[in-house]
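One structure below.
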Amino acid sequence: QSTELIFELSKSGRRCHRLPECDVPAAKALGELIPQEHLASTPPPLPEVGEIDLIRHYTNLSAQNMSIDTNFYPLGSCTMKYNPKRHERLAAFPGYANLHPLQDDDTTQGMLEILYETQQFLAEISGLPAVSLQPAAGAQGELTALFVAAAYFRDKGETHRKKVLVPDSAHGTNPASAALAGFDTITVKSGTNGLVDLEDLKSKLGDDTAVFMITNPNTLGLFETQIKTITDLLHSKGALVYLDGANMNAILGITRPGDFGADMQHYNVHKTFTGPHGGGGPGSGPIAVRDFLAPYLPAPVVVKDGARFKLDFDMPKSIGRVRSFFGNVGILFRGYCYIRTLGPDGLKQVSEQAVLNANYLRARVTEGFDVPHPGPCMHEFVASARALVRERKITAKDVCKRLLDFGFHAPTVYFPMVVAEALMMEPTETESKETLDAFADTLLKIKAEDPEIVKTAPHTHIVSRPDEVKAAKELKLRWTPAK
Amino acid sequence: QSTELIFELSKSGRRCHRLPECDVPAAKALGELIPQEHLASTPPPLPEVGEIDLIRHYTNLSAQNMSIDTNFYPLGSCTMKYNPKRHERLAAFPGYANLHPLQDDDTTQGMLEILYETQQFLAEISGLPAVSLQPAAGAQGELTALFVAAAYFRDKGETHRKKVLVPDSAHGTNPASAALAGFDTITVKSGTNGLVDLEDLKSKLGDDTAVFMITNPNTLGLFETQIKTITDLLHSKGALVYLDGANMNAILGITRPGDFGADMQHYNVHKTFTGPHGGGGPGSGPIAVRDFLAPYLPAPVVVKDGARFKLDFDMPKSIGRVRSFFGNVGILFRGYCYIRTLGPDGLKQVSEQAVLNANYLRARVTEGFDVPHPGPCMHEFVASARALVRERKITAKDVCKRLLDFGFHAPTVYFPMVVAEALMMEPTETESKETLDAFADTLLKIKAEDPEIVKTAPHTHIVSRPDEVKAAKELKLRWTPAK
Amino acid sequence: MSYVLNTPEDQKAMLAKIGVSSVEDLFANIPTELRLKRDLAIPPAMSEMELQSHLSRLLGKNQSASDAVCFLGGGAYDHFIPSVVDTVAGRSEFYTAYTPYQAEASQGTLQAVFEYQTLMCELTGLGVANASLYEGGSSVTEAALMALGITKRPEVLIAESVHPEYRATLETYAANLNCRVRTLPTPDGFLNPDDVKSAVSDATACVIAQSPNFFGHLEEMQAIGDAAHKVGALFIASFDPVSVGVLKRPGDYGADIAVAEGQGLGVPLQYGGPYLGILACHEDSRFLRKIPGRLVGQTTDRNGKRSWVLTLQPREQHIARANATSNICTNQGLLALRAAVYLTAVGPQGLKETAELCIRKAHYAAEQLTKVPGVSLRFKTPFVKEFALQVPGDAKGLLAKLRTAGYHAGLPLAQWYPALANCITVAVTEKRTKAEIDGLVEALKANV
Amino acid sequence: MSYVLNTPEDQKAMLAKIGVSSVEDLFANIPTELRLKRDLAIPPAMSEMELQSHLSRLLGKNQSASDAVCFLGGGAYDHFIPSVVDTVAGRSEFYTAYTPYQAEASQGTLQAVFEYQTLMCELTGLGVANASLYEGGSSVTEAALMALGITKRPEVLIAESVHPEYRATLETYAANLNCRVRTLPTPDGFLNPDDVKSAVSDATACVIAQSPNFFGHLEEMQAIGDAAHKVGALFIASFDPVSVGVLKRPGDYGADIAVAEGQGLGVPLQYGGPYLGILACHEDSRFLRKIPGRLVGQTTDRNGKRSWVLTLQPREQHIARANATSNICTNQGLLALRAAVYLTAVGPQGLKETAELCIRKAHYAAEQLTKVPGVSLRFKTPFVKEFALQVPGDAKGLLAKLRTAGYHAGLPLAQWYPALANCITVAVTEKRTKAEIDGLVEALKANV
């Protein structure tokens, strides 16, 4: 199929969408309504194509993607679980899809009830009672939580707390968010067991520590067994513990961040609660915090006033807004549908089976690859292609590319950085044993393949190994017409 | 991707759809409500899969199809034009999708208005005033028209009219429908110019002739220039003329069957008026007839009674029903949307541009292929690969298979039978000059290719030249579990 | 407005290549006197926005099964359609493809139809199913035509309790052929096997019965079939594909050909069509030679790979022409796909639960409704998800009042069975809740 | 109920392979005292049918823009969404894919984003656009952070007529950084360029203005930008992407960074999100080093074939960590796709006509509404599709009455601008018909 850009398909005079005739009096020239100085001489040079061109172009483009609906997608740390189709049907109901964000609460009582319950569900699942649904994504959730922490310390007069501690295995968003919230980031080392090095943590912890950001289970897929010791330690210094909730899929109904000492956490509703990832977004990153942090949350939150729900803006200590309007409601809505579908048993089953699948896949993968940290793992694990590099000059990246040829999306590669040639795999609970076996069999097969085939893979996709260096050097970020 | 059958993915205990608990009293065993003798011991052995299995299976299956939305589909006689997306959105509106066929007319006034207008539009476009929307497909439309003709002749006491004349270039449904309506079929020859051989027609026409079934433009894409002479001739013998409306896309707003002497015609709403073809159906085959045939149409039709619309069953001479319920309303609904979108100018433009596209493609194709009949053609034309067989041992079928490798669906092949090695091409008005050129360039390129490559094509599809003889000989029409 | 792509420049270049000077020249073969000299008298073009408003307004005049609680049946049922069905049927590679004549470019459709055929065999307990027909009435009719062809006998016997519109369809087709259709009366709401025994003869090609029948009640299918077989006639069973989640299948009680309306398997009500005609029969060469419509068969490609093609095409009209087994060209491909996805989604357990919920709710409804004074079950035989009620007074008037109260309460039977003047059928699917049933009962109480 | 596939037999086999005896064993690393000893207190599971009924009931309590005629704006507009937008965004290969880190498996998404970036350049008249941000407020905020980084100056000036929620967002972010935000008052509904001239200094990193502004009225963007540039500050323009069908683009009047809420480009209202943050800027290495979010770049693959990849990733958080230009990880990929399809569907002529229809209808509405006694335009400056009205008496009470009459008539401004106590903004898109506008006028007459 064609890989022409839509601009290259354009021909002057073709049209897809048409507008009705103007039905209000249109005797006046536009220049009489809008002063000429504001008017452009021509509209922007958008492409001109027919409806069939548009549909063929994008339909054929879509076929160039791997996706959950077409392939196993064991991308570690991304929780690529199945996205239920019922959510898409329900989110298209006009009573939701056509709801304006600034309508009066009297006209949105159904919506507010859904959002109120969503707040309650997220509070219950985390064990942290106060929830803000406003953050648009996980990274913004983290940032919002740090804003809350900063506001809390300012309010307490502890503005000297300028440091945020982050394990070396953390997601990059953690230090980036800390910086954006005005904190200095201090990295805490992991031990050889993959867990936080308690001694290193102690050595870096001080009266200037504001927050410790911890991912638990961590990015190696390991539960931080000393988590209570760690959180107690932080609290003893008056600091707060922030939980990166990216890995909540491992612990739903099993253990709660609030119960193991976290003061704040975010959720990735698009990971744990099946908002579709959309090729990179939208996400939704609500946060849950302890009671004493509730006053600082972004406004508004949904409250229940008798039988009536309303948006509460009356939060004088609030950090303010982190975005316009209520939040990424479309994703929250799907999360609500998911939680209502599963109920308490279903949610717990999610984590149990996600962990079972990960351990099974781990057992299969260890037949041919190093997995540096001891099991059992939680919902994901990190293998290493170190030996393969040494013995056969095949890198983790090569393995990933070759997997594509067999119809499997690649694992997350070269993350976390504490493992050389890392291959991070998260199968999720929605995959079957058959799929895990087919994937593991393929991994083992690739290991034994002619290295040349592996190093030049993929061979069955529309492109193979695009040159990233060239992309960055000869920067071309938009199409321009040929002269 | 996997080509496993859904049955092969089944594992006992897996489930996709779940039902709610029973909310009415369920104390009694089922056998107390339904006598045991009627009950099965187990439900049918349907496949057991999870939702992700189901979605991946069918999504990946869909990718094994060519379709209008992904490829140029110049299948002659099938009018594979673009299917507007707005129709799909509108047909899903609950006010239509959830309408029960046996609701009282008081609750379906909007629907009846749409159907009433559709009847009127089809009458106007054909120049034949009485319309039945009941037939489910073109073939059933033909048959219904022949039932109407038979009823008419019975009513007139002319039961000796047992013969239906059909040109040798006609669609196979014509003689098949004639036989099913109890008529004997007589074939009329085409002349070397591709048109009905008037002398042959005269020689076969007699007092026993009931109906002449003519396709105009005919299946060679030619307008029967002597159509008026032909229809006058038939009428002079007291016979009726039936128009096969498969090729209406060539003459919308340009000439009308009623005006050139047809007494009855069917429409393929899924061809001319963009009902999606659905991988082979559903179609919709309404018929339009002259006033004197109206009493024989299937009941009910929609009538307007003051401001109210109603289904009229009071048609004592009606042939009866040809199916249950009103008709393939979903396709009629899309046809209605299409006609309302285009209006009179748009419809005429359809035929003008369909004919322009066909003639342009014809001109391009004649650069390398015989086109036995002189131009201009109407909306389609028939080329021949005769010379290619002779010179390079490449058949029409080989050319078709090789086209698939280049992302083009094949033309209709070996039809009509009056042209050897026929390649019948209908580009439709919704394709661009660029697409026609790319297709013609490819055809010419294939002509010059290494015959071995062409004769073993396709090379880029999931399968290549399935063995049809084996399929028919070792008949396997269903999956059976391995022992 | 149209979906045309050619710009004026394109047209100029194309005309030049063709060698004519205007589009008008291309129509030179149509004699001037036959040309339409005016615009078509249809309303002017509408933009998408206008069309959408226009249809919202028109459809807003309907009171659909989303606007009132639906207890209507009569061959079309308000069953729940899982979202996965819409998702799959909405793949444009399925719905914008044509008949799979080019097998290599159509393996998706072909495999889906092969799976559909298999699923229909599993639902019916028979060996072969075709790729679908238009709807229930076509299935009954085509099955009868098959039987006439197979047995070479002239008479079709059909129970009066078969869907009246299926019977009407059969009669229309039969009117033009050398055969006769006799309707066997069912005054008590079922076909008495003894009546079948006395009606059959060696002229009988087939006996057609439906269970659950048009009233929703069960027939003694085994006995009816036995009576047919005794004289060498075929037994054609019209059945409800959802009901076989718990009921015996046509193949289990001896049907030779099973037919059904497949709408209940994931097809929207959409005012009666497109629906899905199911037809399955014995795997027997006598039957295979006469089976109408398309068939997909398994084979291997030139590399030995399993693949699928349309097969036994010599039966079909585009090859056999006047000698075809049927004039059918299109199947209902997209609806067959919906049915396949539906059955895959529900699985054996889900079909069983669906059927059982229907039965339980229908019986609860019958129990509660017949407590209303003057309301009684019209027939004594067992029923599944639909049943016939005798109501006091004018049934049509009563139903109109119940519509005002928000209920599509049932179908007045008199239009098809004049003898059943004040009777209605009430259908109860798994979608109906206890609250909705209780609501109907209250509304009925208030209006009788 | 869950979407889990493992059967009890699967689980047994898997546990055996792992070498543990129960799933519970896999959680051994979670100390017992940290385990939740009870079920989560959330409601029990629901089947799809129940969930659908439940949500139908809840959503039925809302009075959406389908239930009442919508004249609400304030940064989210009831524009028409062509069906092709839903069709493309409904392709599951798009919506169930992840961030395109594996380029070969993601060319569909990558090419679509590259096209989106190009379209944003065309809409803004600037050289570079990113792959999108969360929404309008994030775009304003990230643009301000860019300006702070580029100019290394500490002060952001922002007009009071910029969307108040964008300003609030900026203030939240700024509160934790070494910078200050000053709001320039707009008592007459627009930012006076003279006020900008007096406010700017060599501490000014940027001036942010919005046109059409929150009231729907136009600003003198060229003059505001000139004033900013005079002191070496950047000029950040927040614009309406639909309006540039007829209005000058940010690049045309000298903006250095253009930002917008992209909801109007084919994104449903859906109660405020997900929406689409647009950000474009000069193609200049100073800007490129600081641009936040993802970028897709063109390159060639190992066979020389044109292809697309995520590029300049060293700016981003997953590589730069604490030194990243922004903490943003997700873009709004699916919404960027919607915007790209929308703009491709409307094309230049369609965008122009849409913008013009909005303008004409808004002016007609303003003309008719201000004929109602006591109702007047609050500001004198030109407006586009939205305008501020002074109404007699209590604005909120009046709006409530109009809702009862079937109109979402406007937004009460006092919640954001206490000085505008009895003022509302009324937005009129191309979807509003003359009949709807006239209806609102009548309803207003009846209620003032």
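Heavy-atom basis, side chains included; hydrogens, waters and symmetry copies ignored. None of these values were measured; they are calculated from a predicted model.
Ion pairing between Arg56(A) and Glu434(B) fails under the 4.0 Å rule for side-chain N and carboxylate O.
Considering all non-hydrogen atoms of both residues, Thr59(B) and Asp69(A) come closest at CB-O, 3.7 Å. Nearest heavy-atom pair, Glu51(A) versus Pro84(B), reported as atom, atom and distance to 0.1 Å: OE2-CA, 3.8 Å.
To the nearest 0.5 Å, the span separating NE2 on His57(A) from OG1 on Thr70(B) amounts to 14.5 Å. Between the OG1 atom of Thr435(A) and the CD1 atom of Ile52(B) there is a distance of 7.5 Å, given to the nearest 0.5 Å. To the nearest 0.5 angstrom, Ser432(B) atom OG is 5.0 Å from Arg14(A) atom CZ.
Looking at Lys81(B), neither its backbone nor its side chain comes within 4.5 Å of chain A, counting heavy atoms on both sides.
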